[in-house]
Amino acid sequence: MILDVLRTFSTRTRNLPSSGFYSISTGIMRDIKVKSDSKEFLTSSDEEEESVSIRVSSSSSLSSVKSTPEIEKKYVHRVYDAIAPHFSSTRFAKWPKVAAFLESLPSGSVILDAGCGNGKYLGLNPSCFFIGCDISHPLIKICSDKGQEVLVADAVNLPYREEFGDAAISIAVLHHLSTENRRKKAIEELVRVVKPGGFVLITVWAAEQEDTSLLTKWTPLSAKYVEEWVGPGSPMNSPRVRNNPFFSLESIPETEVSTKEQKVENSQFIGLESIPESEESTREQKGESIIPETKASIVEQKDEKSVEESLEALKKSQQEYFVPWHLPYHRAEVSGASASALASGLAKKDDRKGAVVYNRYYHVFSEGELERLASGVGNAMIVDRFFDKSNWCIVLQKEALNQD
């Protein structure tokens with residue numbers, strides 16, 4: 001069915017008229033010509049074999065980028081597979097600015113949603129044709145059961161030929177990728193699969209959360225997964241980490257921790273003010289230092305104020321987190337995937353909240369980071385950027401073909 005419909009839409013969209021692009025941040029129509037004179041999605045067997053051979057002959061570094069790190073397999077893929085029905089039940093509201101982008105696209109446009117989740121944006125513009133993909137098979141099944149055109153696919157290796165869609169969206173996806181190289185590759189893939197002149201909307205969680213209390217519910221990651229983070233795009237190789245004397249190779253908890261458990265000795269990213277007053281005074285009475293021993297030599301060289309400032313600066317620069325998802329006991333999937341997750345240690349029971357707690361991996365983006373990554377994609381330019389609901393967002397336009 002998908003292929004038959006694609007033939008139809010490929011023919012319909014070959015000569016789309018010029019149109020305006022609705023700037024989400026300003027609400028102004030911009031005169032931008034949408035080009036759509038690309039090849040059809042379906043190819044001959046020879047063309048498909050040629051495409052496959054090109055992929056197979058790609059460099060080893062590209063293969064490394066496409067290889068999924070264990071932290072993503074365990075704390076993204078397995079988690080979303082386990083929580084899919086409950087997650088889907090909470091994802092129904094459409095963000096107005098994403099809706100405005102989709103509604104601004106010309107009638108007959110083919111729109112690709114990479115990381116579509118439960119498909120809440122698929123079909124939002126009834127005059128366009130939507131195709132969604134996601135790495136989670138249970139989420140894709142939810143979409144399929146609703147009659148949506150979807151398939152299981154990886155954001156860093158999209159299963160579409162070049163210049164297939166008129167537009168693409170990636171909503172709250174890139175922050176689940178654990179290296180800079182993989183995040184950049186995902187952007188390159190989005191640009192690759194749209195036609196010259198086509199648009200790409202990307203949104204990611206921001207480090208600058210409007211509700212700062214959320215950060216206290218997240219578990220900062222230290223270097224437990226240093227073996228997974230290798231290469232120039234690794235957060236472990238960033239100057240922020242390499243040159244910071246407060247960063248140590250301590251393990252991180254694999255499940256949600258309570259406030260009492262979030263002590264300095266368990267996390268190098270929590271400042272002195274996070275220690276409960278009663279506990280702090282008790283430790284002082286025992287003659288214990290409230291600064292971990294790994295900082296002892298530094299404390300001798302700095303006064304208390306400078307230490308606190310350094311710790312606070314480190315907290316603000318933290319971008320890698322485990323974000324908990326509470327799956328209520330009464331949810332049907334508790335008896336299935338969650339039972340296995342509890343047995344393996346992937347999830348933890350919280351009887352107080354009556355839920356099974358999973359941790360999801362997130363890399364939250366600092367201001368300007370998304371633009372910097374996108375600027376490295378040679379054949380696209382940023383035409384809009386904005387901050388919305390604690391998300392950094394950009395709109396890219398792929399370079400149009402030269403018209404001589």
Original post:
With a 4.0 Å cut-off, would you call K389 and E210 a salt bridge?
Top reply: no
Original post:
Are E180 and R372 ion-paired here, with the side-chain N under 4.0 Å from a carboxylate O?
Top reply: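 Result for this pair is yes, salt bridge flagged.
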Between [atom1] of [X] and [atom2] of [Y], what distance do you get to the nearest 0.5 Å?
X: T68; Y: E70; atom1: OG1; atom2: CD; result: 9.0 Å
X: I171; Y: N391; atom1: CD1; atom2: CG; result: 8.5 Å
X: S88; Y: I142; atom1: OG; atom2: CD1; result: 4.0 Å
X: C143; Y: I131; atom1: SG; atom2: CD1; result: 13.0 Å

For a 4.5 angstrom cut-off between non-hydrogen side-chain atoms, does [X] reach [Y]?
X: P324; Y: Y358; answer: no
X: F164; Y: K195; answer: no
X: E72; Y: L177; answer: yes

**OP:** Could you walk me through whether W325 and F87 pass ring-ring contact (aromatic ring centres under 6.0 Å, His included), step by step?
**Re:** CA-CA 9 Å; W325 182 272; F87 175 81; 5.5 Å; yes
Original post:
Where do I382 and V395 land on the side-chain contact (heavy atoms from CB on, under 4.5 Å) test, with the steps shown first?
Top reply: CA-CA 6 Å; I382 299 172; V395 176; over 6 Å; no
Original post:
Mind checking what makes side-chain hydrogen bond (donor to acceptor under 3.5 Å, both in side chains) contact with E369, not counting sequence neighbours?
Top reply: Q319, H363, S366
Original post:
Under the side-chain hydrogen bond (donor to acceptor under 3.5 Å, both in side chains) test, which residues partner D81, sequence neighbours left out?
Top reply: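 Only S136 meet the side-chain hydrogen bond (donor to acceptor under 3.5 Å, both in side chains) criterion with D81.
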**OP:** Could you list all the salt bridge (charged side-chain N to carboxylate O under 4.0 Å, His left out) pairs where at least one residue sits in residues 119-131, not counting sequence neighbours?
**Re:** none
Original post:
Is there a side-chain contact (heavy atoms from CB on, under 4.5 Å) between L151 and Y160 once you walk through the steps?
Top reply: CA-CA 11 Å; L151 64 159; Y160 313 116; 3.6 Å; yes
**OP:** Verify side-chain contact (heavy atoms from CB on, under 4.5 Å) between S178 and V76, making sure each step is shown before the conclusion.
**Re:** CA-CA 10 Å; S178 60; V76 180; over 6 Å; no
Original post:
Taking atom types as modelled and ignoring hydrogens, do the side chains of W392 and E371 form a donor-acceptor contact shorter than 3.5 angstrom?
Top reply: no
**OP:** Go through I169 and V200 one step at a time and tell me if the side-chain contact (heavy atoms from CB on, under 4.5 Å) criterion holds.
**Re:** CA-CA 6 Å; I169 61 174; V200 175; over 6 Å; no
Subject >> CA sep, side-chain torsions, deciding dist, call: N181, T179, side chain to side chain donor-acceptor pair (under 3.5 Å) >> reply: CA-CA 5 Å; N181 286 340; T179 70; 5.5 Å; no
**OP:** Determine the minimum heavy-atom distance between L327 and R331, stating which atoms define it.
**Re:** CD1-CG, 3.9 Å
**OP:** Please say which of H86, H176, H137 ends up in a ring-ring contact (aromatic ring centres under 6.0 Å, His included) with Y80.
**Re:** H176
Subject >> Side-chain donor or acceptor of R78 paired with backbone N/O of K73 under 3.5 Å >> reply: no
Subject >> Worked check of side chain to side chain donor-acceptor pair (under 3.5 Å) between E320 and Y362 >> reply: CA-CA 6 Å; E320 317 295 327; Y362 278 78; over 6 Å; no
Original post:
Relative to the ring of H175, is the ring of W205 parallel (under 30°), tilted (30 to 60°) or perpendicular (over 60°)?
Top reply: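 It falls in the tilted class, 30° to 60°.
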Subject >> side-chain contact (heavy atoms from CB on, under 4.5 Å), paired with I394, selected from L201, I202, L373, T203 >> reply: I202
